[in-house]
Enquirer: 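Let me begin by handing over the structure; questions about it come next.
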Amino acid sequence: MKSQDIRNKFLEFFKSKSHLIVPSAPMVTKDDPTLMFVNSGMAPFKEFFLGHGEPKKNRIADTQKCLRVSGKHNDLEEVGYDTYHHTLFEMLGNWSFGDYFKKEAIAWAWELLTEVYGIDKNILYVTVFEGSDDADNLSMDTEAYDFWKAIIPEDRILMGNKKDNFWEMGEQGPCGPCSEIHVDIRSDEEKAKVDGKSLVNMDHPQVVEIWNLVFMQYNRKATGDLEILPNKHIDTGMGFERLCMVLQGVTSNYDTDVFTPIIREIEAITYKDYGEDEKVDIAIRVISDHLRAVAFAIADGQLPTNNGAGYVIRRILRRAVRYGFTFLDRKEPFIFRLVDVLAKKMGKAFPELKAQKQLIENVIKEEEASFLRTLEQGLVLLDRIVENTKGETVSGEKAFELYDTYGFPIDLTSLILRERGLQLDEEGFKSEMEKQKTRSRSASEMSTDDWTVLLEDDIQEFIGYDALNANVKITRYRKVTSKKDGKLYQLVFNLTPFYAEGGGQVGDKGYLEDSKGDVVYILDTKKENNIIVHYTKNLPKNLKETFKATVDQKQRERTESNHTATHLLHQALREVLGTHVEQKGSAVHSKYLRFDFSHFSKLTVEQLRDVENFVNARIDGKIPLEEQRNIPMDKAIEEGAMALFGEKYGDTVRTIRFGQSIELCGGTHVDNTSDIWHFKITSEGAVAAGIRRIEAITKDAVKDFYFENNRAYFEIRDLLNNTKEPVKAVKALQDENTDLRKQIESLLKDKAKVLKGELKNEISEVNGINFLAKKVDLDASGIKDLCFKLGGEFNNLFLLFGAEHNGKAILSCYISKDLVAERNLNAGQIVRELGKYIQGGGGGQAFFATAGGKNPNGIDDALKSAKSYL
Ligand code: ATP
Ligand code: MG
């Protein structure tokens, strides 16, 4: 059975059991501070399990793109080495939100596997939670056991411990026992030798878990206690690629048709064969896996960057480049060439791959090229480290620096060292790594208390499109503590005028006022798993009062102005540059706006001017806002709104129209474009291959901008004696400056010539060595020049010059190369030692070295002690 059919069969089966089939949610999470990427099928539904919203239907099934490369679930290091863990994989799942429970979930899973897919019952095992005698003191899941017993022989049901059979989303939240289904796909011969039962959950590559049925019946509180959930839920997850392996009769996920087209392409490009050399095989698996993860991430709008989720994606891609570089001899970008097969293979189920193909290729190619340059540079640096290494071991600290600062992979370092007959201090490296981990861990540590509920009926309504203040009640609150922000409180209201950060727009600030006039400031507003939380430094005195909640109007108005300008800018770019322009991210602040978009080249001055003019014409046009709330998605698309990849939309959406500009948007906007006053681009540049960024300002920020520029202009004119033509005057100054510099250079040359003549006479012979130690009036480069000139005229020369320059001391030592060898002298070591006189240090090579220090008074003593080296 083809993978495409396997996926469809799953969805059809659950459709026939009254499930609603939904598309995969984007892989990058937006309003969940505990999760960077969706790492299991349930993550996009978390808000429903937490009771913060209603699903469209209480039975849902889908295939979900999952990424397990960070946090609680991190399989990255396994990938490539084994044949059944991926970074990105599809998780097929069926859900019941307070509807059916264990009985149906178990029966349907069995029916699908054995009857629909026709898997032989005799290769399947199931596990049941055995209970725990720890603090939770949970009893065995006899319910699940009994349901299984009714359909399969008891000797196929195994008991599982808490680690494998009690599923928890995170430190807190819904959780419960689970039943896993495992397959044993070993040969009959192997099976006769070792009983399959003994291999379940033992990391055997052919006795693997394919499906996990989680029975959510508890909630884990911040205190660590479990409470029983009022509504019980089903959450199941089956690894699609593993299922394909079983149904296609192969013993590795990489031998299924999900991967073989990619692997054939890698073979064709690299002239390597898969299946002949274990190292090459690992590299091919790594690359074919990571290609998928990176391509899907970019399609979902997550570009490789220097921090956060983007950094994780960058690291995945770099891991692939590294394996290609080391084991497939790839010194040129090539992974981007695989995007085509991937898009052909998976574009049907995931149309975003096809639509974004060009962009994905560009971005990957650029990243590959830049990391390959890093690798080349790293090789040079590593050479230097090797040269300076005494003995046979390279310190862990040096290797860590190479790894941390230059991104040079540690396994490559140790490989190269081994080839040179050296070794790496692995322990030292590990301890540096640990130190860094501790540093970053403590920086991101966060603890969250349980909610204290004040009002049970906590239906939360957002009224901030229409009002900036309201009388509100606090329905619940909790404390969150982090290293970064210290102690803060999150408050939830029954209704709120505060806009929560989202769609690129920052959250509102403002304040709460009680009946006595006491005020608590709202520092920020965010959405967390679908509820709006307001951050405060302190709790109000009487939490049960009704408060007057007021949004900071100035900030809101500036933000709105920037948000509307962002829409107009989007429209302008498509008009001026072409319809290939797509939004790739935006940040709408009160002070400025930022807009990222796909476009292949730098904007010309004319294009920037046209874009500005286009937007300003719409501002002058006084176009009113036309807003539609809750209109069906299809209708919005029909009217011309564009959906963005990587965004989650409901069935009904909100549209924002200003004349011809129409967008799907949840943000806040001006009532009329004239409220923006004026639009000014402040910068344009590249963020990644094929992605440009424009930053711009509006409203009073533009006034400030022109005011500042004007002030600077008049200051410059003032400095130039109030000339009417400052540009001309500056040009004249520049020319004069160039002339003067030339004159100084030639004067200095003359001076050095004279000095050299004088010094030649002062060189004297000490112990058969031509020696001079003297203070001179030159800068470091002048001294160097002098040394090498004298060196050209004398053999057996030892020079030490001291100089005072800008209040600092310089010491330079020159030793003829023949002396270095004969007398075992080392200028580097000498200046390092003499550095103590001038309170400084330095180094260099054996024949020439320089030290700098902050004490010019020590120069004479340093010069005096020079003779002692002869
Ligand atoms: P394993 O022990 O094999 O790592 P798991 O216990 O981490 O699996 P779950 O978290 O229960 O797996 O996820 C549900 C299903 O998703 C698994 O039964 C498996 O089929 C699949 N799965 C989990 N991790 C991966 C992965 N890294 N790559 C591919 N499939 C996976
Ligand atoms: Mg796992």
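Hydrogens, waters and symmetry mates play no part in the numbers below; they use all other heavy atoms, side chains included. Indexing begins at 1, ligand by ligand and atom by atom, following the structure's order.
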Enquirer: Of the choices His73, Arg68, His86, which has the non-hydrogen atom that lies closest to atom 26 (C) of ligand 1?
Expert: His86
Enquirer: Decide, yes or no, whether a salt bridge links Lys65 with Glu352 under the criterion of side-chain N to carboxylate O below 4.0 Å.
Expert: yes
Enquirer: Between Asp300 and Met27, what is the shortest heavy-atom contact and its length?
Expert: OD2-N, 2.6 Å
Enquirer: Which heavy-atom pair separates Ser288 from Ile262 by the least distance, and what is that distance?
Expert: CB-CG2, 3.7 Å
Enquirer: What part of Arg242, side chain from CB on, backbone N/CA/C/O, both or neither, has a heavy atom under 4.0 Å from ligand 1?
Expert: side chain
Enquirer: Okay, side chain of Asp141, backbone of Ala144: is any donor-acceptor separation there less than 3.5 Å?
Expert: yes
Enquirer: Which residue and atom name correspond to the protein heavy atom nearest atom 30 (N) of ligand 1, and how close is it?
Expert: Phe89 CD1, 3.4 Å
Enquirer: Can you tell me if Asp450 uses its side chain to pair, donor with acceptor, with the backbone of Lys221 under 3.5 Å?
Expert: no
Enquirer: Which residue supplies the protein heavy atom nearest to atom 15 (C) of ligand 1, what is that atom called, and how far is it?
Expert: Gly237 O, 3.5 Å
Enquirer: Pick one of side chain, backbone, both or neither for how Ile210 approaches ligand 1, counting any non-hydrogen atom pair under 4.0 Å.
Expert: backbone
Enquirer: Of the protein's non-hydrogen atoms, which lies at the shortest distance from atom 21 (C) of ligand 1, and what is that distance?
Expert: Gly239 CA, 3.6 Å
Enquirer: Check Met91 against ligand 1 and report side chain, backbone, both or neither, counting heavy atoms closer than 4.0 Å.
Expert: side chain
Enquirer: Please state which option from Glu209, Met42, Met245 has its nearest heavy atom closest to atom 8 (O) of ligand 1.
Expert: Glu209
Enquirer: Tell me which part of His85 gets within contact of ligand 1: side chain, backbone, both or neither, using heavy atoms under 4.0 Å.
Expert: both
Enquirer: To check you understand the geometry: which heavy-atom pair defines the closest contact between Asp75 and His85, and what is its length?
Expert: OD2-CD2, 3.4 Å
Enquirer: Salt-bridged, Arg220 to Asp136, with N to O below 4.0 Å?
Expert: yes
Enquirer: Tell me which protein heavy atom sits closest to atom 27 (N) of ligand 1, plus the residue, atom name and distance to 0.1 Å.
Expert: Asp75 OD2, 2.6 Å
Enquirer: I need the nearest protein heavy-atom contact for atom 11 (O) of ligand 1: residue, atom name and distance, please.
Expert: Asn212 ND2, 2.8 Å
Enquirer: Run the numbers for me: atoms of ligand 1, each under 4.0 Å from some heavy atom of Tyr84, listed by number.
Expert: 28 (N), 29 (C)
Enquirer: Thinking salt bridges, do Arg337 and Glu368 make one under a 4.0 Å N-O criterion?
Expert: no
Enquirer: Tell me, yes or no, whether the heavy-atom count around Lys57 atom NZ, taken from other residues, nucleotides or ligands under 6.0 Å, exceeds 12.
Expert: yes
Enquirer: When you compare ligand 1 with Met238, is there at least one nitrogen or oxygen pair between them that comes in under 3.5 angstrom?
Expert: no
